[in-house]
Amino acid sequence: MHTIPYIGFSLYQLFLMFCFWSFVGWCIEVIDMTYETGEYQNRGFLNMPICPIEGMGVIMVTIFFRPISHTVIPLFLACTVLCTAFELFVGWGMEKLFHARWWDYSHMKFNFMGYICLRNSLFFGGGCVIVIRYIQPMVIKAIDSIPINVGITICIVMAVLIAVDTVISLMAVKKLNERFRRIDELSKLMLSGSVKVGMKLASGTLIVKSNVDKIIDVKDNVVEKVQDINTANMDRIRSEYSRLIEEKDAFTERLAKTLISHKYSGALSAVKNKLKGKITEIVVFKDDDVDEKD
């Protein structure tokens, strides 16, 4: 395999390194989240046991910081800055693209907008120093020892699996967002109906207080307004709302358990509670609960 100029590795080596470190990163994420939440969670965007952001991070620091790989402090500082910036960019980009987060460090000290935090930045810096100076040379040696035909087969299989998984995951995220959007719409329809009736009743009460002679007109107006909210339509709305809350499938269920959505926080909370087996009543989400700056 031809080595890429100024990079020092071939595409073959880079891809196998990416696969290996993506898997290792996924394992670390699972351990960290299990320790934090007390249960298994697949935090990755993909369904496969890989975390591409971790694999790409190792590839970047390996390529960019080869000239200072023999140092410690400069390498630590450089890796900390690069990995932190990369995590911030990916976190911000994914939220803008999918209206959801796969991690949120708002509860951590010294965080920035929940995308990054000091603890993880220091962990990245220290981890990369250990990886580049001690582990990566062994990984490269192991990759070079793999028979080329076997290595190419692994690359092809992994590339196909990752491509298919990416398409499936993108479709699942789109489906889940559509589901949350519809739940939110139904909630607002129910809110609108109850508010209209309530406002009409309140208005009618004030009119009655000021002019008893108009009590008949008030009664007719209230009845007419109540009739506007067709009982059959409301039952249909409630039925669809319940169906969407209870709907399950393997891909969207995994995402619903792990991601964070500020745009559809009320809908996501209702779905999560249902997945956890909690009784979910019909909840009305206010506009303030779901507004988000684009």
Quiz item: What is the minimum heavy-atom distance between Phe15 and Ile162, and which atoms define it?
Solution: CZ-CD1, 4.3 Å

Practice problem: Kindly indicate, with the supporting measurements, whether the criterion side chain to side chain contact (heavy atoms under 4.5 Å, CB included) is fulfilled by Asn47 and Ser169. | Solution: CA-CA 7 Å; Asn47 297 288; Ser169 297; 3.4 Å; yes

Quiz item: Taking it one step at a time, do Glu29 and Trp103 satisfy side chain to side chain donor-acceptor pair (under 3.5 Å)?
Solution: CA-CA 11 Å; Glu29 287 285 342; Trp103 64 85; over 6 Å; no

Quiz item: Does Asp144 come within less than 4.0 Å of Lys141, counting only side-chain N to carboxylate O?
Solution: no

Practice problem: Looking only at non-hydrogen atoms, find the nearest pair between Met108 and Cys117 and report the distance. | Solution: CB-CB, 4.0 Å

Quiz prompt | Linked, directly or transitively: Tyr35 and Val24 (ILVMFWY side chains, under 4.5 Å) | solution = no

Quiz item: Does the cation-pi check pass for Arg119 over Phe124, that is, NZ or CZ under 6.0 Å from the six-membered ring centre and within 45° of its axis?
Solution: no

Exercise. Kindly work out whether a path of hydrophobic side-chain contacts (I/L/V/M/F/W/Y, heavy atoms less than 4.5 Å apart) joins Met138 to Val131.
Key: no

Practice problem: Check whether Val81 and Ile59 end up in the same hydrophobic cluster, where Ile, Leu, Val, Met, Phe, Trp and Tyr are linked by side-chain heavy atoms less than 4.5 Å apart. | Solution: no

Practice problem: Tell me whether Met60 is reachable from Tyr6 by hopping between hydrophobic residues (I, L, V, M, F, W, Y) whose side-chain heavy atoms are closer than 4.5 Å. | Solution: no

Quiz prompt | Any donor-acceptor N/O pair, Arg133 side chain to Thr71 backbone, under 3.5 Å | solution = yes

Exercise. State, without any angle test, whether Ser22 and Glu54 hold a side-chain donor-acceptor pair at a distance under 3.5 Å.
Key: no

Quiz item: If you measure from the Lys or Arg side-chain nitrogens to the Asp or Glu carboxylate oxygens, is any gap between Lys175 and Glu178 under 4.0 Å?
Solution: no

Quiz item: Crowded around Phe23 CZ? As in, over 12 foreign heavy atoms under 6.0 Å?
Solution: no

Practice problem: Of all the heavy-atom pairs spanning Thr84 and Thr80, show the shortest one and how long it is. | Solution: OG1-O, 2.6 Å

Quiz item: So do Tyr105 and Leu118 actually touch side chain to side chain, heavy atoms under 4.5 Å?
Solution: no

Practice problem: Would you kindly confirm whether Val139 and Ile148 end up in one hydrophobic cluster when ILVMFWY residues are joined by side chain heavy atoms under 4.5 Å apart? | Solution: yes

Quiz item: Is there a donor-acceptor pair closer than 3.5 Å between any side-chain N or O of Asn177 and the backbone N or O of Lys174?
Solution: no

Quiz item: What pair of heavy atoms forms the shortest contact from Gly8 to Gln13, and how long is it?
Solution: O-OE1, 4.5 Å

Quiz item: Checking Asp165 side chain against Leu46 main chain: does a donor-acceptor pair fall under 3.5 Å?
Solution: no

Quiz prompt | Shortest non-hydrogen separation from Ile132 to Thr62 and the atoms involved | solution = CD1-N, 4.3 Å

Quiz item: Please walk me through it: do Met48 and Trp26 pass side chain to side chain contact (heavy atoms under 4.5 Å, CB included)?
Solution: CA-CA 9 Å; Met48 296 172 61; Trp26 179 85; over 6 Å; no

Self-check item: Nearest heavy atoms of Val173 and Phe98, plus distance in Å
Solution: CG1-CD2, 3.6 Å

Quiz item: Are side-chain N/O atoms of Glu95 and Trp102 paired as donor and acceptor at under 3.5 Å?
Solution: no

Quiz item: In the hydrophobic clustering that connects Ile, Leu, Val, Met, Phe, Trp and Tyr at side-chain heavy-atom distances below 4.5 Å, which members other than Met113 occupy its cluster, ordered by chain and number?
Solution: Leu88, Trp92, Phe112, Tyr115, Ile116

Quiz prompt | Residue among Ile154, Ile152, Thr153 satisfying side chain to side chain contact (heavy atoms under 4.5 Å, CB included) with Val150 | solution = Ile154

Quiz item: In terms of heavy-atom contacts, does CZ of Phe123 have more than 12 from other residues, nucleotides or ligands at under 6.0 Å?
Solution: no

